[in-house]
Amino acid sequence: MVKLVNLKKGAFESAKISSKRGKLLGDEKVNEFVKYSFNEGLKYLEEHGFRESVDSSFLQFKGFYLIERVFNTHTSRIYKKIFTSASKENKILLNAYYLKYQIHNTMVLVRCYISKEKDIEPYLIGDERRKAKYTKAFEMPNLEDALTYISKKLGFNSKKAIE
């Protein structure tokens with residue numbers, strides 16, 4: 001049986017969510033963005049609300065990793081603002097929606113282990129508390145231990161996660 005969660009219809013919260021959603025790139029803007037050169041793309045992001053994310057990542061990252069970091073940082077900031085001010089009912093819904101980012105972060109964990117990355121944090125999406133679980137898992141001696149730890153923290157079936 002599926003449990004339904006109703007979104008509370010608070011005008012202030014609805015307005016905040018709408019304004020935050022509007023800050024993400026729509027299909028039309030994404031198609032336009034893809035046509036830019038790398039430097040034109042960075043300039044576009046800086047001019048359209050991503051300046052803080054670009055500035056905080058520009059010196060550390062290059063190429064694809066810089067773009068990934070900018071979008072992850074920006075998405076994390078949006079979710080932190082929305083989660084912080086959401087009502088109890090809406091937090092239940094937002095946590096269910098956040099599952100896709102938990103799966104993303106789990107895949108980042110695997111990718112960073114395989115590629116022997118030194119730092120996982122730049123590729124994670126979420127607030128500091130949510131990222132800390134993955135950072136701790138990444139510090140574990142092997143991937144199986146890390147996946148077991150993270151799947152238990154998230155309430156996933158650890159055997160299926162390892163498979």
Side-chain angles (χ1 to χ4, degrees), residues 1-7 16-17 20-21 23-27 29-31 33-34 38 41-42 45 49-163:
M1 178 177 215
V2 175
K3 181 180 178 186
L4 294 177
V5 178
N6 293 322
L7 183 63
K16 285 193 301 187
I17 290 171
K20 297 301 178 192
R21 185 178 34 193
K23 290 191 177 202
L24 299 174
L25 297 177
D27 290 341
K29 293 289 183 190
V30 168
N31 291 334
F33 180 75
V34 169
F38 182 76
L42 280 179
L45 290 174
F50 294 79
R51 178 176 298 280
E52 188 177 341
S53 299
V54 171
D55 291 348
S56 68
S57 305
F58 187 75
L59 296 176
Q60 290 179 290
F61 300 94
K62 303 266 185 260
F64 168 78
Y65 296 106
L66 174 59
I67 299 297
E68 181 179 25
R69 172 63 179 201
V70 167
F71 284 130
N72 288 350
T73 302
H74 192 74
T75 303
S76 295
R77 285 188 177 124
I78 288 171
Y79 275 93
K80 182 178 180 182
K81 288 177 185 174
I82 292 174
F83 271 107
T84 302
S85 63
S87 67
K88 185 178 179 181
E89 295 86 5
N90 288 353
K91 281 185 181 177
I92 294 168
L93 178 65
L94 290 169
N95 280 322
Y97 183 76
Y98 189 74
L99 176 64
K100 76 179 193 176
Y101 293 113
Q102 291 173 325
I103 293 168
H104 162 85
N105 288 344
T106 303
M107 296 309 296
V108 164
L109 177 67
V110 172
R111 184 181 85 192
C112 287
Y113 251 101
I114 291 170
S115 65
K116 300 185 184 339
E117 286 282 340
K118 294 179 181 168
D119 186 15
I120 189 174
E121 195 276 331
Y123 311 110
L124 299 172
I125 295 175
D127 60 21
E128 297 308 313
R129 182 181 59 82
R130 294 172 194 274
K131 289 179 183 180
K133 296 173 191 166
Y134 294 94
T135 304
K136 184 174 180 179
F138 187 65
E139 294 168 354
M140 294 184 169
N142 62 54
L143 182 57
E144 189 172 323
D145 289 345
L147 285 174
T148 300
Y149 169 79
I150 205 69
S151 61
K152 286 181 180 177
K153 283 288 186 185
L154 300 175
F156 298 161
N157 181 330
S158 59
K159 289 181 183 176
K160 288 197 182 228
I162 291 172
E163 286 175 15

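Because only heavy atoms are used, hydrogens play no part in the values below, and waters and symmetry mates are left out as well, while side chains stay in.
Here the NE2 atom belonging to H104 is positioned 4.5 Å from the CG atom belonging to N72, to the nearest 0.5 angstrom. In this structure, the separation between CD1 on I67 and OG on S53 is 11.0 Å, given to the nearest 0.5 Å. To the nearest 0.5 Å, the span separating CG on L124 from OG1 on T75 amounts to 12.5 Å. How far CE of M140 is from CG of L109: 9.5 Å, rounded to the nearest 0.5 Å. The distance from atom CD1 of I150 to atom CG of N105, rounded to the nearest 0.5 Å, is 8.0 Å. Here the CD-OH distance, from Q102 to Y134, works out to 5.0 Å after rounding to the nearest 0.5 Å.
Taking the salt bridge (charged side-chain N to carboxylate O under 4.0 Å, His left out) definition, one finds that E128 meets it with nothing, sequence neighbours left out. Not a single salt bridge (charged side-chain N to carboxylate O under 4.0 Å, His left out) links K133 to another residue, sequence neighbours left out. Partners of E144 according to the salt bridge (charged side-chain N to carboxylate O under 4.0 Å, His left out) rule, which considers only residues two or more places apart in sequence or in another chain, do not exist here.
In plain terms, the two heavy atoms of G126 and S76 that are nearest each other are N-OG, 2.8 Å. Between Y113 and A137, the closest heavy-atom pair is OH-O, 3.6 Å. Closest of all the heavy-atom pairs between Y123 and C112 is CD1-SG, 3.7 Å.
For the pair T106 and L147, the minimum side-chain heavy-atom distance is below 4.5 Å. Counting only heavy atoms from C-beta outward, the side chains of K136 and K153 never approach each other to under 4.5 Å. The closest side-chain heavy-atom distance from R130 to D127 is below 4.5 Å. A 4.5 Å side-chain heavy-atom check between E117 and P122 finds every atom pair outside the cut-off.
Neither side chain, R111 nor S115, offers a donor N or O lying under 3.5 Å from an acceptor on the other.
For the pair H74 (side chain) and V54 (backbone), a donor-acceptor distance under 3.5 Å is absent.
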